[in-house]
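One structure below.
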Amino acid sequence: MKVSDYTVSSTGKKTKSVGIPGTGLYYTETSSGNKDSDPPPLPPEGNPGLNTSPDNPNNKKKRGCLFYFLALLAICFAIALYSFAWIPAIGFLIYFIIKKDLYGTKRRNIAISTAVFVTSLIVFALLGSSSTSPESIYADWGKDTFDVSETAEVKITTSPSDAEITSLELSSNDIAELNYTDGKAIITFKEPGEAALFFTANHDIDSNTVKISVTDKVAEEAKAKAEEEARLKAEQEAQAKAEEEARIKAEQEAQAKAEEEARIKAEQEAQAAEEARIKAEQEAQAAEQARIAQEQAAAQAAAQQPQEASVWLSATGSKYHRLPLKSAM
């Protein structure tokens with residue numbers, strides 16, 4: 001970037017200088033009101049720059065190999081750092097905007113500063129985005145079964161190894177979600193289940209697919225506990241029902257047995273009563289027969305003896321009278 005300066009002394013002497021900052025190169029032209037009487041000024045002693053006059057071309061100073069070598073080195077250095085030239089270009093741009101236009105170069109300097117700012121900023125952006133894109137990626141989960149309360153970090157390996165992942169996405173699923181920050185793939189699990197998961201880097205590079213299972217130990221333990229309690233309750237209810245049925249059956253059997261025993265006893269008592277009745281009838285019949293026999297015997301005896309009036313009582317309580325018969329004369 002060139003810098004120019006123009007001064008006018010009180011004697012009317014005019015000095016015009018143009019140079020490149022940092023290189024020691026500059027051009028100086030001095031003139032007065034009377035060009036014929038004033039010779040062109042000589043360059044300052046020890047100054048490596050140029051001081052030429054259009055009226056005297058012999059004033060040009062020869063440059064050696066060292067000058068050209070240093071100039072080439074400065075150009076290479078400027079090219080290497082050109083991507084950062086937009087930083088000082090901002091300062092120059094502000095300086096030229098607020099500085100007064102004494103020599104009519106303000107518009108040109110602003111245009112040059114703007115061009116340097118824009119082009120160096122573009123170069124800076126291109127160099128910053130020139131990272132290598134991965135050809136393939138590999139996801140290492142470490143294991144394939146996780147608990148829903150876990151948080152897992154998946155190791156993502158790129159090929160080539162120096163490739164950069166600018167974005168990383170997890171395949172659509174209902175069991176997990178991805179948080180990719182600072183090059184780390186952090187997986188949090190939402191609910192139990194199974195899914196075949198893979199990653200997509202930079203919107204078009206897919207990783208290997210891994211079947212992931214997510215369990216919920218707390219829910220499984222609670223479910224197992226509930227099932228065990230239900231089983232014990234069912235067993236207790238079944239046992240209580242069996243005992244109740246056994247009790248009812250025992251009561252029914254006992255009642256049936258008691259009823260059967262009572263029936264048998266009643267039958268036996270009825271049979272005994274019947275036998276007693278028969279026996280009583282037989283005894284009554286025997287007594288009646290004995291009475292009849294007794295009466296017959298008494299009648300026979302009476303027939304053989306003189307007849308007298310007599311009274312007797314039967315076994316049944318009947319009262320009998322007997323009068324003697326008069327024999328025929």
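Residues: numbered from 1 along the sequence shown. Computed from a prediction, not measured in an experiment: that's the story for all the values here.
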Ion pair check, Lys217 and Glu220, cut-off under 4.0 Å: no
Lys/Arg-Asp/Glu bridge criterion (N-O < 4.0 Å) met for Lys241, Glu244: no
Is any side-chain heavy atom of [X] closer than 4.5 Å to a side-chain heavy atom of [Y]?
X: Val116; Y: Phe92; answer: no
X: Glu194; Y: Lys211; answer: yes
X: Asn179; Y: Thr188; answer: no
X: Leu178; Y: Ile187; answer: yes

Taking [Y] as the starting point, is it possible to reach [X] by hopping between hydrophobic residues whose side chains are less than 4.5 Å apart?
X: Phe146; Y: Phe198; result: no
X: Trp86; Y: Ile122; result: yes
X: Phe84; Y: Val118; result: yes
X: Ile186; Y: Ile165; result: no
X: Tyr95; Y: Ile110; result: yes

Expected output: side-chain Asp144 to main-chain Ile212 donor-acceptor under 3.5 Å: no
Keeping Asp147 on the side-chain end and Ser149 on the backbone end, is there a donor-acceptor pair under 3.5 Å? yes
Could you pull out the closest heavy-atom pair between [X] and [Y], with the gap in Å?
X: Ala85; Y: Ser120; answer: C-OG, 3.6 Å
X: Asp140; Y: Val154; answer: O-CG1, 3.5 Å
X: Lys106; Y: Phe96; answer: CE-O, 3.0 Å
X: Leu197; Y: Ser171; answer: CA-OG, 3.4 Å
X: Ser136; Y: Ile205; answer: CA-CG2, 3.8 Å
X: Ser113; Y: Ala89; answer: O-CB, 4.0 Å

Spacing of [X] atom [atom1] and [Y] atom [atom2] [to the nearest 0.5 Å]:
X: Ile87; Y: Phe117; atom1: CD1; atom2: CZ; result: 10.0 Å
X: His203; Y: Leu168; atom1: NE2; atom2: CG; result: 10.5 Å
X: Glu150; Y: Thr145; atom1: CD; atom2: OG1; result: 9.5 Å
X: Lys190; Y: Asp174; atom1: NZ; atom2: CG; result: 6.0 Å
X: Arg107; Y: Thr105; atom1: CZ; atom2: OG1; result: 11.5 Å
X: Glu169; Y: Asn202; atom1: CD; atom2: CG; result: 9.5 Å

Steps toward side chain to side chain donor-acceptor pair (under 3.5 Å) verdict (Glu267, Gln271): CA-CA 6 Å; Glu267 290 180 354; Gln271 184 178 0; over 6 Å; no
Is the count of non-hydrogen atoms from other residues, nucleotides or ligands lying under 6.0 Å from [X] atom [atom1] greater than 12?
X: Lys143; atom1: NZ; answer: yes
X: Asp206; atom1: CG; answer: yes
X: Lys223; atom1: NZ; answer: no

Between Arg231 and Glu235, does a salt bridge (Lys or Arg N to Asp or Glu O under 4.0 Å) hold up when you go through it step by step? CA-CA 6 Å; Arg231 184 186 65 80; Glu235 289 181 355; 2.5 Å; yes
Residue of the set Ile156, Asn208, Thr158 for which side chain to side chain contact (heavy atoms under 4.5 Å, CB included) holds with Tyr138: Asn208
